[in-house]
Structures are given as C-alpha cells and as structure tokens.
2 protein chains.
Amino acid sequence: MRRNETAGSRSESVRQANLSAILRSLHLGGAATRSDLVASSGLTRSAVGALVGELTEMGFVHEERSASDGSPGRPSPIVMPTSDHVTIAMEVLVDSLAVAAISLGGHVLDHRRVDRTRQARPVDDTVRNLVDLTSKMLDELPTTVVVHGVGVAVAGVVRRSDKTVVVAPNIGWNDVPLGDLIRLALPIDLPVVIANDGDFGVLAEVRRGVATGMHDVVYISGEVGVGAGVIADGRPLGGAAGFAGEVGHIPVNPGGLACRCGSSGCWETEVGEEALLRRVGRAAGGGRAVVDDVLASAAAGDADVLAAMDAHGRWLGFGLAGIINTFDPDVVVLGGLFARLFPYVAAAMSSELDRRVFDVVRQQVGVLPSGLGLDGPLLGAAEWAWEQVLADPAGAEPPLPWCARTLIVGEV
Amino acid sequence: MRRNETAGSRSESVRQANLSAILRSLHLGGAATRSDLVASSGLTRSAVGALVGELTEMGFVHEERSASDGSPGRPSPIVMPTSDHVTIAMEVLVDSLAVAAISLGGHVLDHRRVDRTRQARPVDDTVRNLVDLTSKMLDELPTTVVVHGVGVAVAGVVRRSDKTVVVAPNIGWNDVPLGDLIRLALPIDLPVVIANDGDFGVLAEVRRGVATGMHDVVYISGEVGVGAGVIADGRPLGGAAGFAGEVGHIPVNPGGLACRCGSSGCWETEVGEEALLRRVGRAAGGGRAVVDDVLASAAAGDADVLAAMDAHGRWLGFGLAGIINTFDPDVVVLGGLFARLFPYVAAAMSSELDRRVFDVVRQQVGVLPSGLGLDGPLLGAAEWAWEQVLADPAGAEPPLPWCARTLIVGEV
DNA sequence: AAACATTTGTTGTAGCCTGCGACAAACCAG
DNA sequence: CTGGTTTGTCGCAGGCTACAACAAATGTTT
C-alpha cells in the first residue's frame with residue numbers, strides 16, 4: 001500500500017521540529033539571547049539549552065557573553081549564527097549573471113555580477129561562467145566556509161519539479177535541465193534548487209524586504225518578461241509542476257497585440273519592457289541603457305514620456321486589480337522594471353486599483369516598490385537553499401568544507 | 001515578547017498528529033482494517049492499536065470482525081467511522097436554502113433544500129429558516145447523534161477572518177456577521193465556519209469529487225456571480241482576510257460593460273448568468289427557470305443559442321487561461337452554472353485555452369465539470385467543519401448530543 | 001564591602017509517546 | 001489436529017520535553 005502522506009510522527013520529529021524552530025528563528029530574526037529563545041519558542045530553559053548545544057556542536061551557532069544591559073539577574077548569553085555556513089545563490093538574467101554567498105542569518109558575504117550582452121547563449125557557457133564565478137568567490141572566503149546548497153534564479157519559465165528551464169526566450173533556451181547541469185558542474189555535490197526570478201523575489205521580500213513577516217504576498221517581477229512570485233498563507237505557491245505565477249500571460253485585452261507566447265492580448269504585451277518602449281516611441285531590444293534613458297527623461301519632466309508612463313500605469317493597475325482580487329494579499333511588491341517605474345506610474349495605477357479592486361480589499365492592500373533592487377531574487381534563491389537546511393538541521397549530512405573540493409576532484 | 005508562530009513541540013503534539021492522521025485517513029478513505037492503517041501510517045501495530053482504542057473510546061470509530069477473505073492469518077478487524085458524529089452544513093443561495101447532516105466519512109445522513117424567490121431578504125428570517133430546518137432535520141436523526149460544528153456556504157463575498165458576509169448583492173446583504181448570528185441562534189454552542197460557495201466547492205471536489213486527492217485545484221463557481229475556490233499545495237487559498245478567489249472581478253475587457261462591483265470589464269460581465277441571457281436575448285433576473293429553458297433550446301439544437309454558447313465559451317476560455325497560467329493547477333473544476341453549460345461551451349473554451357495557456361501547462365491541466373451538482377458546496381462546508389475536528393480529535397471538548405439541547409435551552 | 005533580590009543556566013527525575021521483540025490469538029491448508 | 005501465517009497485545013527501552021531544585025552571575029541595598 002502506498003504510504004500515506006500524513007504518516008505517523010515519532011519522538012524524533014519533535015526534536016527535529018524544535019531544532020528547526022530555533023535555527024529558523026535565528027536565521028530570520030538574527031542573534032538572540034537564550035532567554036529570548038525560551039520566550040519566543042515556548043520551550044523550557046532546559047530544552048532550549050540542549051537544542052542550542054546541539055546547534056553549537058554542528059557549527060551553526062556560537063554563544064557570546066552578552067553586554068551588561070543594566071538589569072539585574074544572571075545575563076543570558078547571546079546565540080548568534082556563525083559566518084562559516086553559507087548557501088550559494090546564482091542568477092541568470094538576459095543581460096547579466098550573478099552569484100552570491102549568503103550566510104546563516106542572511107548576510108551577504110560576497111556578491112559578484114557580470115554584465116553580458118543580450119543574445120542567445122549556449123547553456124554550457126553559462127554554466128561554466130556561473131561555476132567559475134562561484135569558485136573564485138569561495139576561494140576568497142575563509143577556508144572554514146561550509147556550503148550547504150545552491151539556489152538558482154532564472155529569467156524564464158521553470159518547471160521546478162525537474163529543475164528544468166522550459167523556455168527562456170531571450171537567452172534562447174528550451175527544455176534545459178539547468179539544475180542538474182549546475183549540480184554536475186560543481187566540484188562538490190550539493191543540492192540545487194531552481195525557480196524563476198519571481199518565485200525567489202517574493203521570498204526575498206518576505207524574509208528581508210518590504211513584506212517581512214507577512215503571510216500573503218504577491219511579487220511582480222518584470223525585466224523583459226513579466227512574472228510573479230506568490231506567498232500564500234506563508235508558503236510559496238508552486239502549482240502542479242511549479243509553473244504557477246506566469247501572470248504575464250493573463251489575457252487582459254481581447255483586441256491586444258500578439259505575444260511571444262503564441263497568444264495575444266497578454267498582460268505582458270501591455271506592461272512589459274517592450275510595451276513601455278513602444279509607448280515612448282523607442283525601438284525594442286536596446287537593453288537596460290535605453291530604459292535608463294527613458295527614466296531620465298521622465299525625471300526631467302518630458303511630457304510625452306510622462307503621458308506614456310501614465311498609460312503604462314493604467315495597464316499595470318488593470319492587470320494588478322485582477323491579481324489582487326484573486327489573491328487578496330497583504331501587499332503587492334513591484335520588483336525589477338516596475339520598481340524603477342514606480343514613481344511615474346503609481347498615480348495612474350492606483351486610480352485603476354481604486355476603481356477595480358473590491359473596496360474592502362483595496363483598503364488593506366499595500367502596493368509598494370521593492371527595496372532590494374536587482375539583487376532581490378538572488379537573496380531569495382539563497383533563502384530557499386537555506387530552507388532545506390532549516391527544515392531539518394540535523395538531517396542532512398554535514399557537507400565538506402569548500403576547501404576540501406580539490407581532494408575530491410583529484411580523486412575522480 | 002510575541003510568542004513565535006513556529007513554537008516548540010512536545011510529546012503530546014506527536015500523539016495529536018498521529019490521532020489526526022488516523023482519523024483523517026478513515027474520514028477520507030473510508031473504513032480500513034487495522035493492518036491497512038499500520039501500512040498507510042507507517043506506525044507500529046501497537047501504536048495503531050492504542051490510537052484506534054482512543055478513537056473508539058471517544059466514539060468516533062468502532063471495530064467489526066472482518067469477513068474472511070480467504071487469506072491465511074489472523075483477520076484484522078475493520079475500523080469504521082460511526083454514524084453518530086456529524087457536522088452540519090448550511091448553504092445560502094440567492095434562490096434556495098439548504099442544510100445537511102454529514103457524518104464522519106462523508107456520508108450525507110440527511111439533506112434538505114427549500115427554494116425561495118430571488119429577492120432581498122432580512123437576515124434574521126434567513127437565520128431562523130436555517131436553524132428551523134436544521135432542528136427538524138436533527139430531530140429525525142437518532143438521539144445519539146453528536147454535532148461537532150457548522151459550515152455555512154454563502155453566495156457572496158465573505159470575510160472569513162470575522163465570519164462576515166461583506167456583500168451578497170442579490171440577497172441584499174452588506175456587512176452581515178452571519179457566522180455569529182447563526183452561532184447565537186443555535187440551541188447549543190457550536191463552532192461555525194463560513195466561506196463562499198467557491199471556497200467550499202473546491203474542498204468538496206478535492207475530497208469527494210472529480211479532483212479527489214489532487215493538490216492543486218481551481219473550482220469556478222458561477223450562479224449569479226462568479227467566484228473561485230482554490231486549493232494550492234493541498235491547502236485552501238484564503239488570502240490576507242479571506243477574500244481570495246474573487247476571480248469574477250478580474251478585468252478582462254478594457255472596453256467592457258459596467259459591473260455591479262463598480263468596475264467595468266470584469267470577467268463576470270462576460271461569463272456570468274446575466275451575460276449568457278444577454279447573448280441569447282433574454283431578460284435578466286428570471287432565475288433558474290430561464291436558464292433551464294436556454295439549456296433546453298441548446299439541447300434541441302437552436303442555432304442562435306448554440307452560437308451564443310460558443311461566444312460564452314470563448315470568454316470562459318479567455319479568463320480561464322489567465323487563471324490557469326497563474327495557478328498551474330492539476331485540474332480546473334467548473335461548478336454551478338458552468339457545469340450545466342459545459343457540453344455547449346467546451347469546444348470554444350478549449351480552443352481559447354489551447355491558444356492562450358502555456359503549452360507545457362495546457363498538456364497536463366484538466367478542465368472538467370463538477371459531478372457533485374448543486375450540493376457540492378454543501379458537502380464542502382461540512383468537510384471544512386470536520387476539518388476542525390480532524391486537526392485535533394482529542395482537543396475539542398466532546399460536544400453534547402443534540403437531544404440534550406432542550407435542557408440547555410430550558411436553563412436559560 | 002557584604003547581604004539580598006533577580007534572572008538565568010544546569011542537572012536530575014518524571015511523564016508521555018512510539019519502537020521493538022516476544023507471546024498469544026485467529027485464521028487457512030493439509 | 002497440526003503447522004504456517006498474519007495480527008493484536010503486553011512489557012520494556014529509548015527519545016524527548018516538563019518540572020523542580022540548585023547553582024551561577026549580575027544589580028541593588030545597607
């Protein structure tokens with residue numbers, strides 16, 4: 001018989017859950033005294049003591065005498081995440097590649113981005129570039145660093161279930177098993193997770209950005225294509241195969257333009273980068289520089305550009321209204337291109353929302369630009385890689401330190 | 001300090017989780033032998049024995065000698081849910097009220113629906129009608145019946161967080177705390193949950209309908225208004241305040257008609273009952289009979305009606321494409337009006353989906369009419385009421401049997 | 001400076017829950 | 001009736017946390 005998904009628990013599950021709760025609290029909330037942990041977890045001092053001891057032994061945390069704060073009583077030592085444990089974040093955009101090493105607690109130990117021109121790319125080159133960037137970055141970190149996993153953000157349609165990039169139009173990829181390719185190209189064996197920019201962007205916002213701590217969040221990611229990442233009831237929305245969030249292809253205009261997805265009148269044809277350039281009368285495909293130029297014109301008060309922004313904002317609101325009525329989020333975070341356009345489109349967008357979103361929902365929903373900038377999805381990728389460790393801190397085999405990789409490679 | 005939501009577990013949590021797993025398995029899968037339970041839960045025979053014993057003591061289940069099946073070995077007794085424990089489902093539609101008593105295991109012990117004309121209704125009358133219907137129904141059930149909770153489905157916009165009907169346009173309600181009103185009107189104190197038809201409809205489909213066992217499901221409910229219920233990763237999509245799923249008000253037509261929500265071009269203005277009647281040239285507001293008549297014409301092959309159905313189907317597909325691209329569900333279940341229209345709109349809807357949904361998603365997603373008919377949401381309401389019990393079978397106070405209510409009322 | 005109050009870490013015991021192994025019970029086959 | 005097989009039951013062991021008592025470290029008061 002198929003083992004039930006709601007299978008039985010045992011005592012070890014309790015230990016795992018508590019270990020996970022303590023480590024997650026430290027990862028998300030930063031250093032805390034033991035008595036803080038007692039209060040926030042509801043466990044007893046003895047239990048917290050044992051759990052912190054185990055985490056210390058595994059190297060995830062260390063304790064320090066707390067500075068005296070003037071209150072009476074024995075001071076509680078501060079438990080803080082070490083910087084020795086990291087996950088690697090990678091990002092594949094149309095016109096840049098990036099990697100980062102992010103420690104427990106969310107600190108960016110190092111971060112590197114290289115620009116490249118917008119053109120189709122062989123997959124192998126990209127994989128090699130990413131691995132090279134990563135290796136160089138890690139070589140400059142202390143030799144004690146232990147890598148726990150890799151998160152890869154891709155500007156494209158990703159089937160999370162088998163870690164495959166199904167379509168990445170502007171990079172020219174179709175059905176590329178990028179997750180596995182990266183895993184095999186790395187000198188040590190690491191778990192690799194992969195998703196699109198939107199999926200990771202929303203995670204970054206919920207954990208380190210403007211939506212910190214919220215349970216229902218939509219993040220709209222727009223660079224060349226338009227996508228979304230959704231946190232529903234605190235958990236990422238995946239869908240049956242991991243394709244959820246392709247909001248760029250919600251049909252919004254029955255008389256609209258053809259979309260590169262094969263349909264027509266998709267939201268993306270009205271609010272994507274191409275649509276913006278079309279409205280201001282510029283040729284498509286110029287890349288980031290052209291958008292920068294348009295933003296400069298808007299900042300300078302160019303009336304035609306501002307009118308175009310207004311039209312863009314109305315379409316933004318038109319589509320967003322449907323998304324908000326569908327999800328009833330606490331907040332919608334606008335990332336990527338939309339974060340940069342925000343000051344110029346906000347008014348028109350907002351008045352569309354006022355008209356089209358249920359009043360009771362409109363009153364409570366916030367619509368904000370991301371504050372994390374271009375690196376939001378990168379942070380989110382690392383967060384998701386961390387998530388695997390946080391879920392079961394003692395479960396995974398303790399990985400080898402990065403510096404041991406040459407031995408392994410030598411053996412092959 | 002605010003107590004962390006990821007609070008610590010203790011041994012009792014394990015017991016609760018296992019008790020819950022066993023009872024849920026029986027509720028969803030029906031009677032099973034003890035050794036089936038051992039296999040599906042992964043627990044040991046002794047643990048299952050203790051758990052089943054506790055459930056028996058609480059009256060949720062009883063064991064019977066199994067009929068010999070010819071295989072050697074000591075026969076395992078069959079554990080079956082008793083019929084003594086029920087939840088009450090209620091449904092408030094524009095033109096009918098319904099109540100049902102549903103036992104552990106999902107059997108409908110009794111079920112009553114009364115039609116009424118489409119018109120604005122005082123809330124108090126409706127509440128009294130529901131409670132009367134319920135009392136009469138329960139009086140005819142065995143006196144041993146114990147009621148665990150009430151689920152109320154409403155055709156309207158419901159704020160689940162405070163159990164309030166914010167808008168029910170055709171019934172004429174605004175900001176009605178229906179959940180509390182029903183709770184206070186009942187002769188015994190019971191937990192009441194409330195949501196709209198779509199939210200409960202999808203639950204019924206996932207537990208007892210065409211989407212049984214699936215993890216990502218969208219249910220489109222359309223009677224007068226259009227709404228949706230969504231199961232994402234096995235859990236109901238609620239949103240920040242419980243307003244999620246108002247897909248009837250996704251803007252899909254920039255040049256569209258005014259909607260009663262104050263916006264224009266909402267999906268509902270193109271696929272709601274009014275839109276259908278408009279397309280076949282009939283007056284709105286005639287109620288179910290008119291729709292029946294239209295369906296009869298379609299069945300008879302009336303070319304004008306079939307052409308209207310075709311147009312309706314295209315708009316159905318147009319909006320559904322966006323919903324599918326957003327959620328990537330395993331299956332979309334069409335309920336209410338849409339289930340009845342299905343044979344006549346399927347072709348046009350399908351060709352729109354072929355064009356507008358990502359190929360990889362289109363290939364795996366099913367679009368099916370509900371098989372549960374008008375009573376789907378009613379079943380779902382009972383399921384959700386059961387859910388409170390399933391989550392912690394030993395936790396809730398054992399409620400008084402229904403027959404004890406007169407004593408209580410007498411004391412007041 | 002010493003005694004007291006307060007807060008917190010530590011240690012040992014008790015209680016809860018499940019896993020495991022041995023045994024008993026109930027069935028089929030011959 | 002005997003042997004093989006499957007399954008329920010019982011007692012014991014192991015893992016985990018709660019609880020209570022004690023020890024340690026700090027501020028406050030005398």
*Between A:R65 and B:P77, which has a closest nucleotide on DNA chain D that is more 5'?*
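The 5'-side residue here is B:P77.
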
Using whole Å, report how far [atom1] of [X] lies from [atom2] of [N].
X	N	atom1	atom2	value
A:D36	C:dG9	CG	C1'	15 Å
A:I78	D:dT26	CD1	P	13 Å
B:Q16	C:dC17	CD	C1'	14 Å
B:E54	C:dT18	CD	P	9 Å

*Shortest non-hydrogen separation from A:V38 to A:L43 and the atoms involved*: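 So the two residues come closest at CG1-O, 3.3 Å.
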
All N/O pairs under 3.5 Å across the protein-nucleotides 2-4 of chain D interface:
none

*Centroid-to-centroid, A:H148 to A:F60, below 6.0 Å?*
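Centroid separation for A:H148 and A:F60: below 6.0 Å.
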
_For nucleotides 9-18 of chain D, give me one character per nucleotide, 5' to 3': B if any protein heavy atom sits under 4.0 Å from the base, S if the only such contacts are to the sugar-phosphate, - if neither._
BB---BBBSS

Residues that [X] engages under salt bridge (Lys or Arg N to Asp or Glu O under 4.0 Å), provided they are two or more places apart:
X	answer
A:R235	B:D233
A:D180	none
A:E387	A:R24, A:R207

*Which residues share a side chain to side chain donor-acceptor pair (under 3.5 Å) with A:D328, sequence neighbours left out*: A:Q364

